[in-house]
Each structure stands twice: as C-alpha cells, then as structure tokens.
*Asks:* 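First, the structure itself, so that you have it in front of you.
Just so we're on the same page: letters track the sequence lines, and every chain starts at 1. The figures here come from the full heavy-atom set of this structure, side chains too, leaving out hydrogens, waters and symmetry mates.
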Protein chains: 2
Amino acid sequence: MANTEAHGLLDDLHDLVETRLRRVDQRYTAGRRAIIDLIVTAGNPVSIADIATRLPDLPRSSAYRNLVDLESAGLVRRIVGHDEFARFELAEDLTEHHHHLLCVACGKVIDITLAAGLERNVSEAIEEIASVEGFRPHGHRLDVLGVCGACA
Amino acid sequence: MANTEAHGLLDDLHDLVETRLRRVDQRYTAGRRAIIDLIVTAGNPVSIADIATRLPDLPRSSAYRNLVDLESAGLVRRIVGHDEFARFELAEDLTEHHHHLLCVACGKVIDITLAAGLERNVSEAIEEIASVEGFRPHGHRLDVLGVCGACA
DNA sequence: ACTTAGACTGAGACTGAGTCCCATTGCAAG
DNA sequence: CTTGCAATGGGACTCAGTCTCAGTCTAAGT
C-alpha cells in the first residue's frame, strides 16, 4: 500500500490484489478488477444493487461468485447493515481499522474512525471479557445506528 | 421493572409488556406471551429456528407477525449476527445496555457489558463524530466476532 | 346476554436476495 | 497445440421472510 509516485495508489492496490489472488491460485479477471475499482472509488461500502447498476454487464451470478472469492482471499469484507442487503468494502488490512454510521432510513453506510487511544481501550476490554467467556475474538465492529443528514 | 416480592420479576415484566402493548391498542395474547417467555428464559438472543423448535404449535407466520408487532412496540430488538438468520432479544429499556460476542462458526450470541466508564467514552466519541457528519445517532452496537469455547 | 369493531390467527401462496449447476470459454504451462 | 483448471454466464433453484384472506377471539357498549 505504500509506494512510489510513478503509478497511482490505485495501481498499487490492484497489484497487491493480484498477488494475493495468485497466492491462492486465482486470477485477477476483468470482472474482479471492475468490482475492486468500484468498491475503492465509491468510498463507502457498496451493495449488490450498486454493483448491478454501475456494472450492468456483469451478471449477478458472477458478481456474487467474485465477491465470495475476493472475500475468502481476505481482500473484501461483507458487512450487514440495518436493511436486508449485504454490502461490501475492502478488507481492513487494505485500508485501516474503522467503523460505520448506519442510516436506518435509507441504509447508507458512512465510514468513521475512532481516536487511537479509545480504540485501544475498547480492544483491551474486549480481550478481557472474551477470555472470561472462553471466547477467542478475531475482531470487532462498532456500528452506530441513526439517521443521516439527507434523511433527517 | 422494580417491584414487590409478591410475584416474581418475570410477572412484572409481563405486566410491563402488556401495558406497553395496550398503549398502542394491541393485546398480549398467548403467542406473544410465549415468545417473551422464551426470549427471557433463554438468556441469549433467540433465532426463529429456536422459536420454531421450542414453540412448535406457533405457526411461522404468527411468530414473525408477533415479533414485528413486539418490535414496533419497542419491546423486542432484532439483531443481525454473522449468519443469515435474524435473532431477537428484549429491547434495551427492558434490560440494560449491552453488547455481543458472535461466534462465526455456530452463530451463537453471548451478551456482554462494558465497564461504565469505557461505555461513556465510546458514547461521547460517537456523538462527536456523528455531529461532524451531520448524522443523528439513535444508539450503537458493538459486536465482537470470533469463535466460542464450544467451537474452538 | 347480544352485538359489533377491529385485533388476531393460521395456512398457504408469494417474493426476492442469494446460491447452485453445468455447458462453454479463456488462460497459462509443458 | 493441447491439456488442465480457473472462470464465466444465465437460468433454475432455495428458503428466510412477507403477504393475503377468510375465519376467530376479545373487549367494550347497550
């Protein structure tokens, strides 16, 4: 993710994605590239409906399959919002650890980050509670439910 | 929710639920009472599958309908775990503010509470960030993803 | 006790996001 | 060029969840 100025960050990201896919004997095809492009340029997590709209030539079955492949390669993360529709964003090791504001009216998702100190306190508290319950935590998600500016 | 010892806390809860339903011209029928009983005695959030198993005589359509009614009366909260199945728990004003450990292997949900001070810090941070984004927060949920003791 | 309004129920039909299947195509290595 | 396997496309399929509608129950009025 770090890099020279010669070609943009986006190209670097594509290179990284390709490497990761190759590692599990998968190819970085046009459809997968288009999905990654869409997710990155959208800024916010994208839904299947977004993909269908913005990539009308990509069949649904291919979109779902590609998303599953990208997810199992650890490149994309599926998030479940307040509505019934799954949304997808880049995995955290391609971006930075962050959380979400979820609009209960329109389903929109906005990325936010917490102050580093607070984030550390939360992680420590989670580790402690989980160990008491015999639970092995992989990560956490903090979702804020509410109404976005456009819907208010 | 507070009360004499004459009849248990559970009876009090039922009284409260009935009052709340009456307030919106709804009745506290046997089916609804059975669902509330199940949710309370289960301790953890229950799925539709749990309800179907434990209340075999309650038709699916009635279970869903009752859950929707109880949810819109603010008595029950729907939570979306890691799997595709919705789960239900008592609304927070009938219990206390808490969060969840979600097992990604079996879908089990375990309730946890954070230290009051930390919880306050998180809430304040959320208020601040949300206001910058023009977002009006109603509440938040912190889910810890991982593997439970039984699945490890 | 009768009536009545409307809340509630049960059973099944229906919806649609997401999955599966399979014949075909594309890519990379020997 | 051929052989193996990843990937595609599109249509059929699954099934959690929703909707419909005719019939039932309950509370309140008379």
*Asks:* Under the side chain to side chain contact (heavy atoms under 4.5 Å, CB included) rule, collect the residues that match up with A:Glu71, sequence neighbours excluded.
*Replies:* A:Arg78
*Asks:* Sequence neighbours left out, what pairs pass side chain to side chain donor-acceptor pair (under 3.5 Å) with at least one residue falling in residues 128-144 of chain B?
*Replies:* A:Arg141-B:Asp143, A:Asp143-B:Arg141, B:His97-B:His140, B:Glu119-B:His140
*Asks:* Please, which pairs that meet salt bridge (Lys or Arg N to Asp or Glu O under 4.0 Å) have at least one residue in residues 25-34 of chain A, sequence neighbours excluded?
*Replies:* A:Arg32-A:Asp69
*Asks:* Which residues, ordered by chain and number, are linked to B:Val80 in its hydrophobic cluster, where ILVMFWY side chains connect at heavy-atom gaps below 4.5 Å, directly or through other members?
*Replies:* A:Val80
*Asks:* Give me the residues of residues 29-42 of chain B where at least one heavy atom lies under 4.0 Å from an atom of DNA chain C, by number, or none.
*Replies:* B:Thr29, B:Arg32
*Asks:* Starting at the 5' end of DNA chain C, which residue's closest nucleotide do you reach first, B:Asp25 or B:Ser62?
*Replies:* B:Asp25
*Asks:* By side chain to side chain contact (heavy atoms under 4.5 Å, CB included), which residues pair with B:Ser61, not counting sequence neighbours?
*Replies:* B:Pro59, B:Arg65
*Asks:* If the condition is side chain to side chain contact (heavy atoms under 4.5 Å, CB included), which residues does A:Ser72 pass it with, not counting sequence neighbours?
*Replies:* none
*Asks:* Starting from B:Leu142 and following side-chain heavy-atom contacts under 4.5 Å between hydrophobic residues (I, L, V, M, F, W, Y), which residues can be reached?
*Replies:* A:Leu101, A:Ile110, A:Ile112, A:Leu114, A:Leu118, A:Val122, A:Ile126, A:Ile129, A:Phe135, A:Leu142, A:Val144, B:Leu101, B:Ile110, B:Ile112, B:Leu114, B:Leu118, B:Val122, B:Ile126, B:Ile129, B:Phe135, B:Val144
*Asks:* Taking all atoms of both residues into account, what is the closest heavy-atom pair of B:Gly31 and B:Leu58, and its distance?
*Replies:* CA-CD1, 4.1 Å
*Asks:* Measure from CG on A:Leu67 to P on D:dG9 and round the result to the nearest Å.
*Replies:* 14 Å
*Asks:* So which protein N/O to nucleotides 24-30 of chain D N/O distances come out below 3.5 Å?
*Replies:*
none

*Asks:* Please list each protein N or O that sits under 3.5 Å from an N or O in nucleotides 17-20 of chain C, with the distance.
*Replies:*
unit_1	atom_1	unit_2	atom_2	d
C:dG18	OP1	A:Ala86	N	3.3
C:dG18	OP2	A:Tyr64	OH	2.9
C:dG18	O5'	A:Tyr64	OH	3.4

*Asks:* Check side chain to side chain contact (heavy atoms under 4.5 Å, CB included) between B:Ala105 and all other residues, then give those that pass, not counting sequence neighbours.
*Replies:* B:Cys103, B:Cys151
*Asks:* Please work out if A:Asp69 contacts a base, only the sugar-phosphate, or nothing of the nucleic acid, heavy-atom cut-off 4.0 Å.
*Replies:* nothing
*Asks:* Which pairs, with at least one residue in residues 40-75 of chain B and sequence neighbours excluded, count as a ring-ring contact (aromatic ring centres under 6.0 Å, His included)?
*Replies:* none
